[in-house]
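Quick notes on the structure that follows.
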Amino acid sequence: MAEKEYAYFSGCSLEGTAKEYDTSFRLVMKTLGVTLTEPEDWSCCGSTPAHTVDHVFAAALAARNLAIVEKMNIGTLTTPCPSCLMAFKKAHLGMTEDEAFKDQVNELLDEPYEGGVISKSSLQIIYEDVGLEKIAEKVTHALPDLKVAAYYGCIMNRPPDVAQFDDPENPVAMDRVISALGVEVRDYAFKTECCGAAFGVPKRAMVNELTYKVLSMAVDAGANCIAVACPLCQQNLDLRQEQVNRAMGASFNIPVLYFTQIMGLAYGYSPKELDMDKLVVSAGPLIKTRIPIAEYRAMKEAEAAAAKKTPKAREAKEAAKTEES
Amino acid sequence: MYKVYFQTYEMDTINLSEKTNWEFIEQVQKESGENLSLCYQCGNCTAGCPYTNYFDYPVSMVMRLLQTGQKDTILNSKAIWLCATCETCTTRCPCEIDVAHVMDTLRIIARRENKVSEKDIKMFYDAFLDSVKRFGRIYEVGTLLTYNIRSGHFMADADLGPKVLTKGKIRFFPTKIKGSDKVAQIFERFRTKAKKHG
C-alpha cells in the first residue's frame with residue numbers, strides 16, 4: 001500500500017496551549033505510516049471572530065491557506081482543530097458553489113484559490129483513511145484502567161452538509177478508534193453538547209455552567225477520563241476545571257486527554273513523549289497501570305484458566321467480595 | 001444541581017403595517033442567502049440551543065422577529081452575540097434553514113451599524129483579529145492581554161497564569177510568519193472595499 005500523505009495544518013492553538021495535541025498526533029501518524037507535510041508560512045484560519053465581521057473576509061483568511069495547499073499538489077488537507085476545519089470547509093463550499101462569492105474572496109487574496117483542496121479532520125483521516133484494522137494492528141500496550149467518555153464537541157460533525165463526516169447527533173468515530181485500541185469506552189450522552197467555546201474569556205460564568213454539564217455527564221456515564229479532539233474543548237474542560245469547581249461547588253478531578261494521546265499510549269510512546277505532563281488534571285494514576293499487550297493477554301488468560309480450574313475457589317472469592325461490599 | 005429556568009417574555013403589541021422594516025428582511029435574506037419565510041416556529045432550534053438560558057430572545061423568537069422586520073430589537077439583542085455558532089439549530093431545523101448562518105449575518109450587520117450589545121465579546125474577537133493582522137497567527141497571551149487592557153477586566157483569567165506557565169503551555173513570544181504582510185493586506189483590502197461600498 002502506498003504511503004498516505006496529507007498537508008498538515010496544525011493551527012495556532014497547537015503551537016501554544018494545545019502543544020500536546022500536535023506532539024501526539026505527529027507521533028501517531030508516524031506509527032501509522034502517514035506522511036504529514038506542513039504548508040509553508042500558513043496563517044490563522046480566522047476562526048469564530050472573523051465570521052462576525054464579514055462572510056467574504058472570513059473566507060479570505062481561510063482561503064489564503066487553501067491556496068497555499070493547492071500549490072503543494074497533495075490534494076487533501078488535514079487539521080486536528082474543528083474550528084480551523086469548519087473555516088476551511090465553509091470557505092471551500094462557498095467558493096465552489098458560488099462563482100461571484102469566489103471572485104469576491106479572491107479579490108482580497110494575493111494568490112487565488114481555485115477550489116482544489118479537500119479538508120478533513122484528523123479524526124476523519126484516522127477513522128476512514130487509516131481504518132480500524134490498522135489502528136488495532138499497531139497496539140503494543142494495554143490501558144486497563146481507562147474508562148473513556150468520547151467528547152466530540154459541537155462542530156466536528158455539524159452541520160452535516162458541511163462536515164460530511166460521521167453522525168451529527170451520535171458520532172461514533174472516536175468511540176470506535178478508542179475501542180480498537182482495546183480501551184474501554186462508556187456510553188456518553190453529551191458527545192456533541194457545546195462546552196462554551198470561545199466565551200471562556202469574555203463570558204466565563206456561562207462557560208463554567210456549560211462545562212459543568214459536560215463534565216457531570218461524563219462522570220454519570222461511569223467514565224474516569226474524557227477524550228477530546230478539539231483544543232478549545234480541552235481548554236474549557238481541563239484548564240478551567242478548577243474554575244468550574246469553584247463556581248459550581250463541584251469537585252471534579254477528571255483528566256481530559258486528546259484522543260491522539262490515548263492512541264500514543266497504546267502504541268507504546270512514553271507519557272513524556274506524548275506531553276502528558278501538559279495536562280492540568282493529571283492522567284498519571286490512570287495510565288500508571290499500562291502494560292505490554294502480550295503480558296496483559298497472558299495475565300487475562302491465566303486469570304481465566306485459574307477461574308476454570310477452581311470454580312469453588314472462584315465462588316468463594318466472589319462470595320467474599322459480596323460480603324465486603 | 002441543575003438550575004431550572006423559567007423565563008417569561010413580555011409581549012409587546014406591534015402594529016405590523018407600521019413597524020415592519022421590509023428592507024431589513026430583504027437585506028438579511030440576501031446577505032445570508034436563507035429564505036426566512038420558511039420558518040414555521042416549531043421551536044426545535046430553541047429546544048436544542050445550549051445558550052438559550054442566557055439569550056434575551058430565544059433563537060426561534062429571533063427568527064420570528066426577523067420575519068416581522070423588527071430590526072432594532074434584533075440588532076440590539078444580546079442573543080445574536082451570545083450565540084457561539086455551535087450549529088445545533090442548523091443541524092435540527094426541519095425546514096433546512098441555516099439558522100446559525102442567519103445569526104452570523106445578524107452579528108455582521110450589527111457590527112456594521114455599530115449596535116453591539118455585548119461589548120466584551122466584540123472586544124475579545126477584535127483582540128483576536130488584531131493578533132492575526134499583526135503576526136499572521138494567533139498569539140494567545142497577547143490576545144488575552146490586549147482584551148484585558150481594553151475591556152478593563154485586568155485580571156480576567158489571571159488565575160490560569162500559573163497553570164499554563166508551569167505546564168509550559170505558552171510561548172513568551174509570538175511567531176510572526178513571513179507572509180504576515182500578506183495577511184495584513186487581506187484586512188486592508190477588505191477595509192478599502194467596505195468603505196467604497198459604504
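Residue numbers begin at 1 in each chain, while the letters A, B, ... track the order of the sequences.
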Between B/Phe187 and A/Phe57, is the ring centre distance below 6.0 Å? yes
Does some side-chain heavy atom of A/Ser43 sit less than 4.5 Å from a side-chain heavy atom of B/Val132? no
Closest-packed option against chain B by number of heavy-atom pairs under 4.5 Å, given A/Leu239, A/Val53, A/Ile155, A/Thr48: A/Val53
Could you tell me which portion of A/Val56 (side chain, backbone, both or neither) has an atom closer than 4.5 angstrom to a non-hydrogen atom of chain B? side chain
Between B/Thr88 and A/Arg158, does a side-chain hydrogen bond (donor to acceptor under 3.5 Å, both in side chains) hold up when you go through it step by step? CA-CA 7 Å; B/Thr88 309; A/Arg158 303 187 306 184; 3.1 Å; yes
For a quick test of reading the model, state the closest non-hydrogen atom pair linking A/Phe199 to B/Leu82 and the distance between them. CE1-O, 3.2 Å
Heaviest contributor of heavy-atom pairs below 4.5 Å to chain A, chosen from B/Thr90, B/Ile138, B/Thr192, is B/Ile138
Give the C-alpha distance, both sets of side-chain angles, the deciding distance and a yes or no for side chain to side chain contact (heavy atoms under 4.5 Å, CB included) between B/Phe135 and A/Cys44. CA-CA 9 Å; B/Phe135 308 117; A/Cys44 171; over 6 Å; no
When B/His101, B/Lys122, B/Met103 are compared by non-hydrogen pairs under 4.5 Å with chain A, the top option: B/His101
In terms of heavy-atom proximity below 4.5 Å to chain A, should B/Phe124 be classed as side chain, backbone, both, or neither? side chain
Determine the minimum heavy-atom distance between A/Pro159 and B/Thr91, stating which atoms define it. CA-OG1, 3.7 Å
Residue selection (most heavy-atom pairs with chain A, distance under 4.5 Å) from B/Gln185, B/Met123, B/Lys163, B/Glu188: B/Lys163
Chain B interface, residue from A/Arg64, A/Glu40, A/Glu242 that has the most non-hydrogen pairs under 4.5 Å: A/Arg64
Examine whether an atom of B/Glu31 lies under 4.5 Å from a heavy atom of chain A, and if so say whether it belongs to the side chain, the backbone or both; otherwise answer neither. backbone
Taking every non-hydrogen atom, the tightest pair across B/Ile186 and A/Ala60: CG2-CB, 3.8 Å
Largest heavy-atom contact set with chain B, pairs under 4.5 Å, which of A/Lys203, A/Glu193, A/Glu107: A/Lys203
Let me know if B/Thr105 has heavy atoms under 4.5 Å from chain A in its side chain, its backbone, both or neither. both
Kindly give the heavy-atom pair with the smallest separation between B/Tyr51 and A/Ala197, and that separation in Å. OH-N, 4.0 Å
Top contributor to chain B interface from A/Met86, A/Lys19, A/Glu20 [non-hydrogen pairs under 4.5 Å]: A/Glu20
Cut-off 3.5 Å, side chains only: do B/Glu140 and A/Thr17 have a donor facing an acceptor? yes
Pairwise side-chain contact, A/Pro202 with B/Tyr125, heavy-atom cut-off 4.5 Å (strictly under): no
B/Arg107 side, atom CZ; A/His51 side, atom NE2 - distance, nearest 0.5 Å: 7.0 Å
Is there a donor-acceptor contact under 3.5 Å linking the side chains of A/Gln243 and B/Asp157? yes
Would you say the side-chain atoms of B/Arg111 pair up with the backbone N or O of A/Thr52, donor to acceptor, closer than 3.5 Å? yes
Salt-bridge contact B/Asp159-A/Arg204 (side-chain N to carboxylate O under 4.0 Å): yes
Choice from B/Val164, B/Leu106, B/Val183 maximising heavy atom contacts with chain A below 4.5 Å: B/Val183
Under 4.5 Å, counting heavy-atom pairs only, tell me which of B/Ile108, B/Asn148, B/Asp120 racks up the most with chain A. B/Ile108
Using a 3.5 Å distance criterion without hydrogens, assess whether the side chain of A/Asp41 forms a donor-acceptor pair with backbone atoms of B/Ile177. no
Name the member of A/Gly11, A/Pro168, A/Ala18, A/Cys194 that forms the most heavy-atom pairs with chain B at distances under 4.5 Å. A/Cys194
Side chain, backbone, both or neither: which part of B/Cys93 has a heavy atom under 4.5 Å from chain A? neither
What I'd like to find out is whether the side chain of A/Arg240 reaches to under 4.5 Å of the side chain of B/Leu160, using heavy atoms alone. yes
Scanning both residues in full, the closest heavy-atom pair of B/Lys167 with A/Asp277 reads CD-O, 3.1 Å
With a 4.5 angstrom heavy-atom cut-off, is it the side chain or the backbone of B/Ser151 that approaches chain A, or both, or neither? neither
Contacting moiety of A/Glu15, where chain B heavy atoms sit under 4.5 Å: both
Hey, does the side chain of B/Arg137 reach the backbone of A/Trp42 with a donor-acceptor pair shorter than 3.5 angstrom? yes
Side chain to side chain contact (heavy atoms under 4.5 Å, CB included) between A/Glu111 and B/Lys182: does it pass, once the steps are laid out? CA-CA 10 Å; A/Glu111 303 283 342; B/Lys182 299 262 193 311; over 6 Å; no
Hey, is A/Asp110 close enough to B/Arg189 for a salt bridge, meaning N to O under 4.0 Å? yes
Given the options B/Ala156, B/Cys89, B/Gly179, B/Ser180, which has more heavy-atom pairs under 4.5 Å with chain A than any of the others? B/Gly179
For B/Glu96, look at atom CD and say whether over 12 heavy atoms of other residues, nucleotides or ligands are found less than 6.0 Å away. no
